[in-house]
Amino acid sequence: MSGLESLYQELILDHSKNRRGFGLAEPGAHSATVHQRNPICGDEITLRVDVDGDRVASVSWEGAGCSISQASASMLVALLDEDGGDDGMPKADAEELISKFREALRSRGQITLDEETFGDAAALSGVSKYTARVKCAMLAWVALEEGLRQA
Amino acid sequence: MSGLESLYQELILDHSKNRRGFGLAEPGAHSATVHQRNPICGDEITLRVDVDGDRVASVSWEGAGCSISQASASMLVALLDEDGGDDGMPKADAEELISKFREALRSRGQITLDEETFGDAAALSGVSKYTARVKCAMLAWVALEEGLRQA
Amino acid sequence: MTLPFDVAAVRAEFPILGTEVDGRPLVYLDSAATSQKPRAVLDAEREFLERANSAVHRGAHSLAAEATELFEDARATVAGFVGAEPEQLVWTSGATAGLNLVAGSLGYAGSLREGDEIVVTEAEHHANLIPWQELAARTGARLRHIPVHDDGTLDLAAAAELIGARTKVVAFPHVSNVLGIVNPVAELVALAKSVGALTVLDACQSAPHLRLDLPASGVDLAVFSGHKIFGPYAIGGLWGRDEVLDSLPPFTTGGSMITTVTLEKAEFLPPPQRFEPGTQPVSQAVALAAAVRWFGGLDRDAAHAHEAALERRMREGLRSIDGIRLLGDTDAADRVALQAFDVEGVHAHDVGQFLDSRGVAVRVGHHCAQPLHRRFGLTASVRASAAIHTTAEEIDTFLDAVSGVRSFFGVGAVA
Amino acid sequence: MTLPFDVAAVRAEFPILGTEVDGRPLVYLDSAATSQKPRAVLDAEREFLERANSAVHRGAHSLAAEATELFEDARATVAGFVGAEPEQLVWTSGATAGLNLVAGSLGYAGSLREGDEIVVTEAEHHANLIPWQELAARTGARLRHIPVHDDGTLDLAAAAELIGARTKVVAFPHVSNVLGIVNPVAELVALAKSVGALTVLDACQSAPHLRLDLPASGVDLAVFSGHKIFGPYAIGGLWGRDEVLDSLPPFTTGGSMITTVTLEKAEFLPPPQRFEPGTQPVSQAVALAAAVRWFGGLDRDAAHAHEAALERRMREGLRSIDGIRLLGDTDAADRVALQAFDVEGVHAHDVGQFLDSRGVAVRVGHHCAQPLHRRFGLTASVRASAAIHTTAEEIDTFLDAVSGVRSFFGVGAVA
Ligand SMILES: Cc1ncc(COP(=O)(O)O)c(C=O)c1O
Ligand SMILES: Cc1ncc(COP(=O)(O)O)c(C=O)c1O
């Protein structure tokens, strides 16, 4: 697999076109809406998170940007949905995922995201070799981190 | 003669100590007083020129600076005194001397000042090889040029 | 057959052009962002630093005298490159610094007041926009802009309406860094002159391509950056007419720009020193002089013809690719070999990444021209920009790569 | 015998130190004006330009990614050199630019008003004086100064009187570029803190000699120049505490320091980018990082002892020569190896010329400190300043040359 193909895996291109959680949901009782922006390339995201006690009830988002940033947001929603089950993922777990994700993406190819933990988002491992793109992949995750702090 | 000795000839050191025309004379009927300054080394001169019709009646000055700047002012006065005779040097001649002096000093050692024309000031020829010192030697001459324009 | 321009000989001067990216030869099409440096420039700076380096305009020692001469010769050389006298050239750290100097100095001079107007264009680089916004905000002046037509040319009819008795400054780019179009300097100067407004030219993108004669251009002030004309980073030039520079107070202050300083008050030297406080970019000035000596020493007519051919090849090639939209696509104006474009359905960042995998280095983003992108309904675009060392084959490699973008990203044919 | 500091090895790193002046080996004692550059610095910059050069923080291409990493690593390295975090280090074109940024930004912020006071010292370099004069003139604030004792130390009793409720800024040099005395930072910071005033440290002349920990020093902001710490021209650093930088508006504006820009208005990034409009001194940052890596990699304790020995040798040697008057001659304070002096009866310019004929390069003039010279009744002085590559033999050559000055110029014995 060439560098480019490891960066743009099929799964990433799919998610960038069929975006999970795209379109902001109505705000719930305990929700936060966060706007994040990458001033360098102009990517932006508005992400809304609903919490229910110490669980992440739902996440929806809107935004524009490169395929990495779009796919990453979509994959994040998929991961929360799948791992969270009906009650939603515990906030603490989501926060841990985010920090592990950040660590892997900043590792310059040293740390691989495992599919077991990260689901489709594991396909973003390749981004860590492209330092200029790490911010694109982080955008939604940073927005969620901020949202959980506020909600 | 080493470079340094050609720069600081005996004559120059003498003039720098026994300065001709030092001490501002009372202003005459047609006089101009000019202040010139070398911002880089702090040398300064105040020069007063009296004109009588189209002749330079007298030049006096005050100032502080390196031996080159002091000697050059002194030599300028000596030259005007000696070549001007009792009536004073014609303004046009003085202006021509100044411009020839400038040309020689800027020539980077190519043009030598002849003693016939420049008297003691011919000893300043060596300065033209020291580009950083040309301004020192020019200070009084530029002041006179400006004074003749104003008087 | 005669070779019109020996691009191979030019390329041989640029060490970096031999680089490979992932096993493919580097195709550097990002010269509008920063140009590469020929050996003559690298050598000139290093030789200065190894042989003559010392503080200029100071001290009696021999090194200082030599350094001072090289530094002031550099000023004369670079001034000559834009048709000007040495006393008219102020060293700055770059075009951005030059524009801030002008706007800031006008502010300190109290030259603008409420009701006055500053006119820029919709195609401005942020460097020639935000300093004017700030000046307007501080003085109560109003900032207005000349709109851009769909084809990228300036709306001169609107300009004639806008520029009036209240106009105090007209600032515009010689060549927009997104559109590549050469703006009509004479017309804009005439409009400004007719109302007594000061003209400020951003020559960043023309200096690497066109022969400049700033005094003849009619503008009052102009800026350019060294790193875009094959010179070093951290140096640029601000050119101004004698009487205009003379009328401006210093923007920043410090050593070497003064005559007498007391604890209470300082008196300032005339231009250019008035605008050059502190230690100057000495080795960079020497290197920039080497750059313009090298560049100016090329056969400029042949060079211009070479670049014009590259420009046509690039633009026509892009036009023929499905789903490409050009920013500033016009034959109605002179152009330099610089083209921004959008690939329908693929984000600029992804396009850039794909091109990089083919060895092609382009710029992606808003290129410090957000308002212009917004005007074309975009947040980002891809920009390819050539320099005198670019070959027709490199343009073809670029075009070939661009043709592959949409299929790689699985974007269907355009309806 | 153990060699305490291998100065020969250090010298071998500086190509220019092999130069001859009129057949005599160059004795470079003008490092306080600008330092010479070791090979590591020249190589780092050239290698960057030949291998990775391209616009940073832009574009997806591989060169740009590499350049960006090198540039940001450089920030971390240089920040580390002064004990700081990368986000606290703003690139400037030099110390003068840094001080103008601070004074200008405070002006734009409206932080000062009539009745407020700015306190500097009588020993200021013009770069840390005139920007404050201008700020005072624009805001109606009053500029006051801490006097200098006859021995060159600051009059701290007067400082305690001066610094009061009206004081908004206290700006002072860590080491005066004329006196070589290390000023009491902690005491001045304490005085400023007690009245809530901002402290601004000019670290130009300490950075090449002392180990700096700016956050620990207690000051709020500090500046230094790259070209005085073995790095390139045209780059310097402004360090500031997070909350202080955060509170300052931009001084100059342009590309790369913004988030959203419309034709009307711009929003700015947080520090340090907020203060870094336009293309940055990229290759210079890489080279400056190489400089501080090289310098910081020396045995700093041994280096300090070496310089302290040079300082004593120079000062004691000068003291023993007839007709020499030292500026700032005291044992009551720490010093760096830098000494200005007057030769009775011989103008500084002539002294410099004489020393040059012996291969000795010193600085003559007012060293951008006219008020301080005036305080000592002088318009100019001679300054010798050593660096880590200076040898004891060089100091002796210098002293020997100084001994010959008065007889050469035919000035008699001192009465
Ligand atoms: C104490 C001091 N402050 C400020 C400066 C100004 O530094 P620069 O000229 O590098 O901006 C200098 C050097 O000339 C200096 O010695
Ligand atoms: C048209 C234009 N103006 C101004 C600038 C700013 O130049 P610099 O970043 O060198 O200060 C640029 C380059 O980025 C430009 O292309």
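Side chains included, hydrogens not; waters and symmetry mates left out as well; all remaining heavy atoms used.
- Side chain of D:Glu45 to backbone of C:Arg46: no donor-acceptor contact under 3.5 angstrom is found.
- By a heavy-atom distance cut of under 4.5 Å, D:Ser93, D:Thr96 are the residues of residues 91-99 of chain D near chain C, going up by number.
- Residues C:Phe251 and D:Asn100 fail the side-chain proximity criterion, which asks for heavy atoms closer than 4.5 Å.
- Of the two parts of C:Thr252, the backbone and the side chain both hold a non-hydrogen atom closer than 4.5 Å to a non-hydrogen atom of chain D.
- At a 4.5 Å heavy-atom cutoff, the contact between D:Gln36 and chain C is made by backbone and side-chain atoms alike.
- Residue contact with chain C, scored on non-hydrogen atoms closer than 4.5 Å, is absent for D:Asn177.
- Every residue meeting the side chain to side chain contact (heavy atoms under 4.5 Å, CB included) condition with C:Ala44, not counting sequence neighbours, appears here in chain and number order: C:Ala290.
- Residues D:Asn53 and C:His227 form no side-chain contact, since every pair of their non-hydrogen atoms from C-beta on lies 4.5 Å or further apart.
- Contacts of D:Gln133 with chain C are made by side-chain atoms alone, with heavy-atom separations under 4.5 Å and no backbone atom involved.
- Proximity to chain D (any heavy atom under 4.5 Å) is shown, for C:Leu263, by both the backbone and the side chain.
- With a 4.5 Å cut-off on non-hydrogen atoms, D:Phe14 does not touch chain C at all.
- Of the atoms belonging to C:Leu372, not a single heavy atom falls under 4.5 Å from chain D.
- Checked options D:His373, D:His126, D:Glu124; the residue passing with C:Val261 is D:His126 (criterion: side chain to side chain contact (heavy atoms under 4.5 Å, CB included)).
- Only the backbone of D:Arg51 comes within less than 4.5 Å of a heavy atom of chain C; no side-chain atom from C-beta onward does.
- C:Leu63 approaches D:Leu26 most closely through the heavy-atom pair CD1-CD2, 3.8 Å.
- C:Phe48 and D:Tyr233 have tilted rings, their planes meeting at an angle from 30° to 60° on a 0 to 90° scale.
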